[in-house]
There are 2 protein chains.
Amino acid sequence: MEEITNYRCTVSVTLDIIGGKWKSLILWQLSFKTLRFSQLQRRLSKVTQKMLTQQLRELERDGLIHRKVYAEVPPRVEYSLTPMGQSVVPILQLMCQWGKDYLIATEQSAAVECAPTLKRIEV
Amino acid sequence: MEEITNYRCTVSVTLDIIGGKWKSLILWQLSFKTLRFSQLQRRLSKVTQKMLTQQLRELERDGLIHRKVYAEVPPRVEYSLTPMGQSVVPILQLMCQWGKDYLIATEQSAAVECAPTLKRIEV
DNA sequence: CTGTATCCAGCGCGATACTG
DNA sequence: CAGTATCGCGCTGGATACAG
């Protein structure tokens, strides 16, 4: 008989916070530079406006991103990583590298890049 | 005008493979030891049999886990990480540590553990 | 430009029953 | 024990319209 103890695995804590459908990709983009709403939307070519807004709100609520509104017409909103948000970047870097290695290992590596200088994501 | 280039971010490649609802948690459990189907099910207390089977099949198809069937009655099936599966463990370790730090930073850290000696996950 | 607010179609997933 | 098969509900998320 195995000893069983209930506990909440902190891996799932992390998944609750950055595991949302678009959250990792949003954080990854913001790790390179502060971006406006429309810039994020262009980089994540498949997100709908509704989803992007929703995911941004949750990331803001959880303290990972900062939302700065400029009192201008037309309105401008810039999103950036908080220190807490920056602390997840090492995880994303590992994921980026692992994905690259995986594609190479499975020989699907043609025409794949993940450099911050490139601007649009095909998800 | 920004330069826009289409590419597939390798972060999303990784998410496609380990981003499934239970996959990270399955890999995390298997990183400590080989487990039988029923052992996995007990450790992931909220998974249904259907979902566990489905996620295991996909992880196997993607080359992250190995499925070994023993020709016995009653049947016994053991799941373990392949070398490819072991290569994601560093990501999971970072996630585990980050989750722990997050709980501490947000002062929800009471009664939380993530040690491999503990056996059951409340997701 | 950066959002809200509805509506509703699709399917993810749970529940249940059955099997080698 | 370790699955497979089927049914159906509930919620996710897309489409659309509207607004500050």
Side-chain angles (χ1 to χ4, degrees), chain A residues 1-2 4 12 15-26 29-30 33-62 65-81 119-123, chain B residues 1-2 4 12 15-26 29-30 33-62 65-81 119-123:
Chain A
M1 182 60 184
E2 279 182 280
I4 300 288
S12 50
L15 288 172
D16 280 350
I17 297 182
I18 66 166
K21 194 174 159 98
W22 297 96
K23 291 180 183 175
S24 294
L25 263 15
I26 290 170
Q29 289 301 314
L30 294 181
K33 60 180 294 198
T34 294
L35 292 171
R36 301 178 58 168
F37 185 87
S38 54
Q39 292 177 309
L40 269 171
Q41 197 169 17
R42 251 173 292 133
R43 280 165 172 74
L44 278 44
S45 56
K46 303 279 200 308
V47 234
T48 60
Q49 196 172 44
K50 176 185 174 180
M51 283 310 296
L52 183 54
T53 302
Q54 186 181 113
Q55 302 280 294
L56 286 169
R57 291 291 175 278
E58 293 182 13
L59 287 170
E60 188 189 6
R61 181 203 61 197
D62 293 334
I65 65 175
H66 175 68
R67 179 171 181 266
K68 180 166 187 180
V69 183
Y70 292 84
E72 301 175 357
V73 176
R76 179 161 56 111
V77 180
E78 288 185 350
Y79 293 92
S80 58
L81 296 186
K119 295 303 190 301
R120 186 189 294 253
I121 293 182
E122 293 283 347
V123 181
Chain B
M1 182 60 183
E2 279 181 280
I4 300 288
S12 51
L15 287 172
D16 280 350
I17 297 182
I18 67 167
K21 194 174 160 97
W22 296 97
K23 291 181 184 176
S24 294
L25 263 15
I26 290 170
Q29 289 300 314
L30 293 181
K33 59 181 294 200
T34 294
L35 292 170
R36 302 178 57 167
F37 184 88
S38 54
Q39 293 177 309
L40 269 171
Q41 197 169 17
R42 251 173 291 134
R43 280 165 172 72
L44 277 45
S45 57
K46 302 280 199 310
V47 233
T48 59
Q49 197 172 44
K50 176 185 173 181
M51 282 310 294
L52 183 54
T53 302
Q54 186 181 113
Q55 301 281 294
L56 286 169
R57 289 293 175 278
E58 292 181 15
L59 287 169
E60 187 189 7
R61 180 203 63 197
D62 292 333
I65 65 175
H66 175 67
R67 178 171 182 268
K68 180 165 185 182
V69 183
Y70 291 85
E72 303 175 357
V73 176
R76 178 160 58 111
V77 180
E78 288 186 349
Y79 292 93
S80 58
L81 297 186
K119 296 302 192 301
R120 185 189 295 255
I121 293 182
E122 293 283 346
V123 181

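Since the structure is predicted, the reported quantities are computational estimates derived from the model, not experimental observations. Each chain gets a letter, A, B and so on, in the order the sequences are listed, and its residues count up from 1. Any value given below was found using the heavy atoms of this structure, including those in side chains, with hydrogens, waters and symmetry copies removed.
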d(CZ, A/R36; P, C/dG3) in whole Å: 10 Å

Residue B/V77, side-chain heavy atoms: nucleotide from D/dG3, D/dG13, C/dG3 that is nearest: D/dG3

message: Let me spell it out: for each of A/P75 and B/T53, pick the nucleotide of DNA chain D with the closest heavy atom. Which residue's pick is nearer the 5' end?
response: B/T53

- prompt: Can you check whether B/R67 has a side-chain N or O nearer than 4.0 Å to OP1 or OP2 of D/dA2?
  reply: no

First of A/T48 and B/S38 reached from the 5' end of DNA chain D, by closest nucleotide: B/S38

message: Under 4.0 Å, counting only non-hydrogen atoms across every strand here, what does B/Y79 touch: a base, just sugar-phosphate, or nothing?
response: sugar-phosphate

- line: A/Q41 CD to C/dT2 C1', in whole Å, measures 9 Å

task: With rounding to the nearest 0.5 Å, note down the distance linking CG in A/L56 to NZ in A/K23.
output: 10.0 Å

- request: For A/K50 and for A/P74, locate the closest nucleotide of DNA chain C by heavy-atom distance; then report the residue assigned to the nucleotide nearer the 5' terminus.
  value: A/P74

message: Taking B/R36's backbone N and O only, do any of them form a donor-acceptor pair with B/Q39's side chain (distance below 3.5 Å, no angle check)?
response: yes

task: Send over the distance from B/L52 CG to D/dT4 P, rounded to a whole Å.
output: 11 Å

task: Would you kindly give the NZ-to-C1' distance between B/K21 and C/dC11, to the nearest whole Å?
output: 14 Å

- prompt: In whole angstroms, how far is the C1' atom of D/dA5 from the CD atom of B/Q49?
  reply: 12 Å

query: With a 4.5 Å heavy-atom cut-off, do A/R43 and A/L35 have their side chains touching?
result: yes

query: Counting distance only, does the side-chain N/O of A/T34 pair as donor-acceptor with the main-chain N or O of A/E78 below 3.5 Å?
result: no

Spacing of A/M51 atom CE relative to D/dG14 atom C1', expressed in whole Å: 10 Å

message: Between P on C/dT4 and CG on A/L56, what's the gap in Å once rounded to a whole number?
response: 10 Å

- request: Using whole Å, report how far CG of A/L35 lies from P of C/dC1.
  value: 15 Å

